[in-house]
Protein chains: 2
Amino acid sequence: MNTLLQNISLSISEKVYLKNPESSKLGQSIIMESVNLIDEIGFENFTFKKLSIEIKSTEASIYRYFENKYKLLAYLIFWYYAWIEYRLLFRITNIDDPNEKLKRAVILLSEEVEEDSTHTHINEIKLSRIVITESSKIYLNKNVDKDNSDGIFKPYKDLTQRISDIVLEINPTYKYPHMLVSTVIEGAHHQRFFSKHLPRLTDTIDGEDSIVSFYLELVNKSIQPC
Amino acid sequence: MNTLLQNISLSISEKVYLKNPESSKLGQSIIMESVNLIDEIGFENFTFKKLSIEIKSTEASIYRYFENKYKLLAYLIFWYYAWIEYRLLFRITNIDDPNEKLKRAVILLSEEVEEDSTHTHINEIKLSRIVITESSKIYLNKNVDKDNSDGIFKPYKDLTQRISDIVLEINPTYKYPHMLVSTVIEGAHHQRFFSKHLPRLTDTIDGEDSIVSFYLELVNKSIQPC
DNA sequence: CCAAAATGATAGTTATACTATTAATTCTGT
DNA sequence: ACAGAATTAATAGTATAACTATCATTTTGG
């Protein structure tokens, strides 16, 4: 998988960048260091000025790649979702039982990312923490409709659609496949955050990842026709 | 209920304000107009400068009530959750069947707010839109642990706890009551937002509020011991 | 090796997020 | 009703963020 990942490039809408950061050393270091810096100081405190110091470049140069820091964040988030979809395909190839496919999908969506494929210049562990804390900021704003019509949410929609299709394979009459899947994706992020910072909103059980267990059970029961 | 609401004051941690906005005309107009302004232009574009113009006062005066705009937002969000808990108590008094109580709670959490009690100086319809779009911004940041230790999240935790208790009345062995309830609260907000801006992530069904139906079914099935 | 493209260095603009000071107004208790 | 206290208004000022513009320097590809 790692060897494949370095050869394919995850497709992200051209509307999120002015110049493809994959296309140059500088662009790649913008991506790599922005992940480190956002993870460290949080998106609110993150500025292009600070990033330019980290990468020993200038604000103006970063602005040649991204219009503003929200677009850069969008790039990172959608890179992540494209990466998740890519891993999903890997985990379900050659599996025929749709129940098993769905189980693997839900685990992928709700488990903690611990794997950092050293073959990309992005630290996936840090990026997954950024996704948990910052991802909603790319759509919870007044630009969402324009961004959506620019197609930037495609990787997210594609992932949701793909898993919804598995749900419908199991139960073609289930009425809310997309809501179920987007509830799991967003919910898993929230529960991860809550378990760390607001544990009273969650339920911890020794010796198990209760976020994974919770969503596995929730999805299973929800799609039963009973 | 409205007559009661004007007499009780919803309890919000004193840590979110410097001076209680309920205690003066100026404070009340800060609250009232901030709801109008945030709903209109979004929290990112909202500034104390703009608010001061709306209320025909000054930035400095607003700063005497709230440390910064995040604290003001926190005040609004927790006012909302305290209001929701208050309405919950009203809707479930004299109901004995825990299944009916839970049903009413889930409806309250997932339905659209259409009721504006003219007896408060807060427009609840606008506030509910603010909660949908902006509420996560009060905890998805680097201050969350300090804010939490200041107790500002209490109204949210109280509401979650109260509904979790109903879940446990129905099924005392259910392992994830808090996660289920917080998933419904946050999820309902997200689904409301998606249905308006990213409908591909949801499922719309003619003639019904599919967000309410989805969460009613999800909760019901999840807590079945089967 | 030369031209074009990319990057760096620097400066400047506007807006935000505050803090400080003093004057004017309003409230409170006797 | 009035003095003193508290609150609010008016104004100014600082630091930083979020850009834009210009020109010099470096890198790269044919």
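Quick note on labels: first sequence line is chain A, next is B, and so on, each numbered from 1. Hydrogens, waters and symmetry mates play no part in the numbers below; they use all other heavy atoms, side chains included.
Note that the CD1 atom of A/Ile55 and the CZ atom of A/Phe48 stand 9.5 Å from one another [nearest 0.5 Å].
Protein atom CG of B/Asn45 is 15 Å distant from nucleotide atom C1' of D/dA17, rounded to whole Å. The nearest whole Å value for the distance from the CG atom in A/Asn68 to the P atom in D/dC19 is 5 Å. Between B/Phe46 atom CZ and C/dA15 atom P there is a gap of 18 Å when expressed in whole angstrom units. When the P atom of D/dC19 is taken as reference, atom CG of A/Leu18 falls 11 Å away, rounded to whole Å. Rounded to whole Å, atom C1' of D/dT7 lies 15 Å from atom CD of B/Gln28. Atom CZ of A/Phe66 and atom C1' of D/dA18 are 17 Å apart (whole Å). Here the P atom of nucleotide C/dA6 and the CD1 atom of A/Ile30 are 13 Å apart, to the nearest Å. Whole-Å rounding puts the A/Tyr63 OH to C/dG8 P distance at 16 Å.
Contact annotation for B/Phe48: no contact, since no heavy-atom pair falls under 4.0 Å across all strands. Within 4.0 Å (heavy atoms only), B/Glu44 reaches no atom of the nucleic acid at all.
Between A/Tyr65 and A/Tyr17, a ring centre-to-centre spacing not shorter than 6.0 Å is recorded.
Here the side chain of B/Thr133 pairs no donor or acceptor atom with the backbone of B/Ile130 at under 3.5 angstrom.
Partners of B/Lys154 under the side-chain hydrogen bond (donor to acceptor under 3.5 Å, both in side chains) rule, at least two apart in sequence or in another chain, are B/Asp158.
Between B/Leu26 and B/Ile62, the closest side-chain pair of non-hydrogen atoms is not below 4.5 Å. With a 4.5 Å cut-off on side-chain heavy atoms, A/Leu140 and B/Phe193 count as touching.
Here the side chain of B/Lys50 is nearest to one of D/dC19, C/dT16, C/dC18, namely C/dT16.
One side chain, B/Tyr215 or A/Thr183, offers a donor N or O that lies under 3.5 Å from an acceptor on the other.
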Under-3.5 Å N/O pairs linking protein and nucleotides 8-12 of chain D:
unit_1 : atom_1 : unit_2  : atom_2 : d
D/dT8  : OP1    : B/Tyr65 : OH     : 2.9
D/dT8  : OP2    : B/Tyr65 : OH     : 3.1
D/dA9  : OP2    : B/Ser57 : OG     : 2.2
D/dA9  : OP2    : B/Ser61 : OG     : 3.1
D/dA9  : N6     : B/Arg64 : NH2    : 3.4

